[in-house]
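The structure presented is a predicted model; accordingly, all values stated were derived computationally and were not measured.
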Amino acid sequence: MAVAVLLPAFFVSCTKSGALTGSPTSSGFSANSMTGSVNGGLSSVANATVALMAAGSNVPLTNATTASDGSFSLVFNNPGGNNLLYLSITGGNAGGGTNSKNQFLAIAGTTSALLPSLRVNELTTAATEFIAFNFGILNDNNGSVALNAPGNGFGATNVVTQYNNIINSGALNTTNANLTSSAQTALKVLANAFASCIQSPSSCSTLLNVSISSASAAALSVLESGVNALYNSSLDASHIYPIASSLSSSTGFTLASSTIPNSFSFNNPLAATINTIGSGTTPQGLAVDASGNIWVTNSGSNNVSQLSPSGALLGTFSTGSGDCCLAIDASGNVWIANAGAGTVTELNSSGALVGTITVGTTPVPVAVDQSGNVWVGNRGSNSVTELNSSGQTVATYPSINSPQGIAIDGSGNVWIASLNGNTVIELNSAGTVLGTFSSGTFPQAVAIDSSGNIYVTNSGGTVAKFSSLGVRIATYSITGSPVGETFDAGGNLWIATGTGNALAEFNPAAGMVIATYPLATNNATALCIDLNGNVWVANLNGNNLIQVAGVTSGPEFFADKGPVFPYSR
């Protein structure tokens, strides 16, 4: 998480709409002011409460009330750093009478760079929810919607950049080439749906009742109606469109066509800071330790590199031949599968050699269970070897066809992707096969969410979702040969698409890819998320790592704690 640094900030005065000024105080804070206006469609919203919020906090930095023309002025002490700021506006009168259900949102910049224009309306509300949904920071607590803080300062800046890509002075930024006509229509549909309640308080119940969650529960607030629309995308689109289309001429958010959008799954590529970081030859496996350091196996140079959270090389340690995958246990020891040598190497947290253990032929996947046992898939000998925490062989379990990926659930059951069997196999902690389930073509990786559901990437172009009992729940199409995968703290699944040279962010609750990051990679393989919310991707043939900075709020599980479900930090 980014740390606020109490340094004075200086700003240049701007015009009234979004004007801001600043001067340092003796306390080290910066005294700032900003102005703006609130509109409900084409009408000014008077007597609304404006709260300036720092993402992740439920205490406003300051409050104000809008005047009869919807204008407002805010004065606040800026704590410094680079924290995300947003406006949360409630109540007021948009011409149809005082309406306690009125709710608006808008991004206000960061504590180091306030936005120069703060015109707020239903369209800024839709865009703010959409962006927060993409970044996994949209927080819905029984109808009370707020923004969580991004993982670090990069994330805060990325959110603001994306907002500017979509919104320009309260209107859609149609000069943004990435904002497709379908995306514009979807944003306007949401905006008009919000306007149905804001302009006519008697219509609020209609909006709330048609904007249902995936559990078919009605929305509890205007903002939650937008949250439900994003998470229950396809169904809510057909429910909400009739409300939105009838308001097209009275709100200023005119719809380009009468076609109902298929869903609200509009995927506008997110702006992000992408760094290229040197590594060894053909990096293939990635893991993050409890200190946030990144460990990467370099299969071409037969060693493992340790990098700091900023990407500085901390050390390179020789291991076995053809290093592939790795896992980190609760003591910080690093276990590396040496595919070329048929061994597993154990290093301590400083990189010193603890031991080398012979397993089967071509060991590839490796995982550590909650008891500290290490499970290794031997792809060449069609078996799985279990080691105890001291590196002694517990047992080798045969008849596992080409194990390619391993994950362990909260009950200690081991889930294995069978590359040539096109299945996922479940073993209990004693190695007994509990089930074999059809997955897809060439399954690669296994990931488990906080509810115990299993996700298997199939390089044939799908991700299969199973319940903890092995019942297939859904199959999702993913472009570009999905390979590695991992969950972030918001429950989104990040997928490295090998031949697609991209990073995909998949939201399981909505059942869709919500963002795609094109990467200048040549065969992306593994990935991990560090404690600051940066996603790291191994670029196998490019001999480097790609860091997509600040796009998540962190990993779902700390790497050294094991998969304990439900998980709580």
Side-chain angles (χ1 to χ4, degrees), residues 282-287 297 299 320-327 335-344 359-367 374-386 396-409 413-427 431 433-448 454-466 470 472 475-486 493-500 504 523-528 537-538 540-541:
T282 55
Q284 194 161 354
L286 283 169
T297 60
S299 59
S321 173
D323 303 336
C324 178
C325 304
L326 73 164
W335 299 79
I336 303 109
N338 304 307
T343 60
V344 170
V359 287
T361 306
T362 321
V364 175
V366 57
V374 181
W375 295 75
V376 185
N378 306 303
R379 196 171 70 189
S381 50
N382 296 322
S383 64
V384 172
T385 298
E386 179 187 5
T396 295
Y397 310 106
S399 303
I400 307 295
N401 190 355
S402 300
Q404 178 71 11
I406 292 182
I408 301 166
D409 67 21
N413 298 319
V414 183
W415 295 80
I416 305 160
S418 170
L419 179 67
N420 292 331
N422 296 329
T423 58
V424 59
I425 300 169
E426 180 187 11
L427 310 180
V433 175
L434 300 180
T436 299
F437 313 102
S438 177
S439 171
T441 306
F442 301 131
Q444 296 283 328
V446 184
I448 303 175
I454 292 85
Y455 293 76
V456 183
T457 57
N458 303 296
S459 60
T462 62
V463 173
K465 177 182 178 181
F466 299 88
R472 186 193 287 259
T475 301
Y476 309 102
S477 295
I478 304 291
T479 302
S481 182
V483 191
E485 59 179 338
T486 190
L493 183 65
W494 292 79
I495 303 167
T497 61
T499 60
N523 198 357
T525 54
L527 74 164
C528 68
V537 183
L540 180 68
N541 296 334

For the residue pair Asn378 and Pro363, what are the closest heavy atoms and their distance? OD1-CB, 3.8 Å

Apply side chain to side chain contact (heavy atoms under 4.5 Å, CB included) to [X] and list each qualifying residue two or more places apart in sequence or on a separate chain.
{"X": "Ser321", "result": "Asn302, Ala341"}
{"X": "Asn413", "result": "Asp409, Ser411, Trp415, Glu426, Asn428, Leu434"}
{"X": "Val374", "result": "Trp335, Val366, Val368, Val376, Leu387"}
{"X": "Ser439", "result": "Pro443, Val456, Asn458, Ala464, Phe466"}

Taking side-chain hydrogen bond (donor to acceptor under 3.5 Å, both in side chains) as the definition, give me every residue that meets it alongside [X], ordered by chain and number, with sequence neighbours left out.
{"X": "Thr362", "answer": "none"}
{"X": "Tyr476", "answer": "none"}
{"X": "Glu485", "answer": "none"}
{"X": "Ser381", "answer": "Ser383"}

Sole residue of Ile416, Asn420, Val414 in side chain to side chain contact (heavy atoms under 4.5 Å, CB included) with Pro403: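 It is Ile416, the one option of Ile416, Asn420, Val414 that forms the side chain to side chain contact (heavy atoms under 4.5 Å, CB included) with Pro403.
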
Taking only residues two or more places apart in sequence or in another chain, which ones pass ring-ring contact (aromatic ring centres under 6.0 Å, His included) with [X]?
{"X": "Trp494", "result": "Tyr517"}
{"X": "Phe442", "result": "none"}
{"X": "Tyr455", "result": "Phe487"}

Strictly by modelled atom types, are Thr396 and Thr385 linked by a side-chain donor-acceptor pair under 3.5 Å?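 Side chains of Thr396 and Thr385: pair found under 3.5 Å.
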
